[in-house]
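Below: one structure, written as structure tokens.
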Protein chains: 2
Amino acid sequence: MDAQLQTPGLVRGEGLTAWRQIADALTADIAAGLYAAGQQLPTESALAARFSVNRHTVRRALAALAEGGLVRASQGRGTFVEGAPLSYPIGTRTRFSEIVSGAGREAWGDLLAAATVPAAPEQALALALTPGAPVLELHTVHRADGAPLSTALTWLPLPRFAGFGEAYAARGSITRAFAECGVPDYTRMSTRVRARPADAQEASRLDITPGRVVLVVSSVNVDPAGVPIQANRTLFAADRVELVIGG
Amino acid sequence: MDAQLQTPGLVRGEGLTAWRQIADALTADIAAGLYAAGQQLPTESALAARFSVNRHTVRRALAALAEGGLVRASQGRGTFVEGAPLSYPIGTRTRFSEIVSGAGREAWGDLLAAATVPAAPEQALALALTPGAPVLELHTVHRADGAPLSTALTWLPLPRFAGFGEAYAARGSITRAFAECGVPDYTRMSTRVRARPADAQEASRLDITPGRVVLVVSSVNVDPAGVPIQANRTLFAADRVELVIGG
DNA sequence: CACGATTTGTTCGTATGTATG
DNA sequence: TCATACATACGAACAAATCGT
């Protein structure tokens, strides 16, 4: 008998499919701390050997765990145990990079797309512009230790922040990009929170399955003079974060 | 000319695409109150006939409106105008009854169940009790104009609030029940926000279908002396409210 | 429970206008 | 002028969800 892996043979014909038994066994292993949060699970081939089943059966089990948010498969890298949700404080000085690195994880933001678009009524209102005025729209993904934690659409008024996209792509941080654009400090004015299922594009950016729940946080940042400089709509994978208010 | 529907023909070749003109026309109709919140829009076929375009073109316009949250399409039922969600401020002096009546709606809370239970570790921590100490657990539903807006589990330390259940059932308000129990004022200490699909019981209490998204707001209230008096886990139907932080 | 009617969702194919080089 | 690419628009058929009978 193996000391670390208790792997009784699968029971066939008792009403539990093989993949379900494998999923239950892996869930127990994770709950027992055998695989820690963030740690990579054995490869599908290794698990197939351990349970003496075809790799397809292991994949079915892992898909069930991923569906429940317990693990996350990443193509070409492996399957990883999801950690406890990150506490994400919402306040007047909310900074993604500070929150994530304060939790001992490495923060980085990727710029997916940048475009000049006419301001929709919603953004115009938030930024105190006239509707249709040109704004810079950025699509970004924010990662903690490489895993996507949130994805955002942000809008910045335009002639002022023309170089923001390049600055953000180079620095990987809103705070540092603002500093490069001559805004040494900023504070969050208003924050609104909603929740809904993710659509296909949002899900792919967050590396979750479509239909999983996302928290939608809409906020406006202002510079020290009180001028709105950034409207934001950030999506968090709901089972990876917990928003903390007034901490 | 039609008295209720002003439908000038679409202007082709002037730089505005057909779907954009249709989206603008429908937006104006909704803004003008022609289609009220919650009301069903004409079917895609009917709109296609009204604007003399293909159904695809109407769908493109409706997709743009849905993107902005103005309408919601539901397969097999129709396309409906979204009502503005209730803005629910989260702060140190959050009061359900004040928020709802401030929005011009009648607030009332129903007591569904009350029981004395041993404090689970989570509630014990929040209320600064030893785990297993007796607490009063209340199941409540909170309504605005009769429609359920949220449902909550609340825990109160016991012997101090032995009469709270009866007071709440009679008053329909946490604030007034506290007043009756000798706590004239209280403030909210910490608030945590998560989101997930509703289970069957939660859905039935909120009068939504199981699987719809709920916002889970966990909070702790303290009396003027700073003593924790109430731990809370409130579920909001996510498409009926918008949490507002720091307004 | 079955069925049909209604309505939105999806996928073919085709044609046209516009911008680019 | 020609070639190409792309978004727009139209047409037809079918799939899927919902609702009433």
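All chains are named by letter (A, B, ...) in the order of the sequence lines, taking the proteins before the strands, and each is independently numbered beginning at 1. Computed from a prediction, not measured in an experiment: that's the story for all the values here.
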Apply side-chain contact (heavy atoms from CB on, under 4.5 Å) to Val217(B) and Arg233(B), showing your working. CA-CA 6 Å; Val217(B) 179; Arg233(B) 197 177 68 212; over 6 Å; no
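With Tyr88(B) as the aromatic partner, Arg192(A) does not meet the cation-pi criteria of under 6.0 angstrom to the ring centre and within 45 degrees of the ring axis.
Taking the six-membered ring wherever Trp is involved, the centroid distance between the rings of Phe161(A) and Phe178(A) falls below 6.0 Å.
Between the C1' atom of dT8(C) and the CG atom of Leu47(B) lies a distance of 12 Å, rounded to the nearest Å. The CD atom of Gln21(B) sits 13 Å away from the C1' atom of dA9(D) (whole-angstrom rounding). Per the geometry, CH2 belonging to Trp19(B) stands 17 Å off C1' belonging to dC10(D), to the nearest Å.
Of the candidates Val53(B), Leu47(B), Thr17(B), Val53(B) is the only one forming a side chain to side chain contact (heavy atoms under 4.5 Å, CB included) with Ile22(B).
Base contact: Arg59(B) has a heavy atom under 4.0 Å from a base atom.
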For nucleotides 12-21 of chain D, 5' to 3', base contacts (B), sugar-phosphate-only contacts (S) and non-contacts (-) with protein non-hydrogen atoms under 4.0 Å give BB--BBBS--
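Phosphate contact (OP1/OP2 of dT8(D), side-chain N/O of Thr57(B), threshold under 4.0 Å): absent.
Residues that satisfy the side-chain contact (heavy atoms from CB on, under 4.5 Å) test with Ser173(B), not counting sequence neighbours, are Ser97(B), Thr175(B), Arg176(B).
Between Arg212(B) and Glu202(B), none of the side-chain N atoms (NZ, or NE/NH1/NH2) sits under 4.0 Å from a carboxylate O, so this pair counts as no salt bridge. For Asp110(A) and Arg205(A), the salt-bridge test fails: no basic side-chain N is under 4.0 Å from an acidic carboxylate O. Taking the charged nitrogens against the carboxylate oxygens, Arg50(B) and Asp29(B) do have a contact shorter than 4.0 Å, which makes a salt bridge.
Each end of the helix from dA2(C)-dT21(D) to dG21(C)-dC2(D) yields a helix axis from five base pairs, and these two axes differ in direction by 10° (to the nearest 10 degrees).
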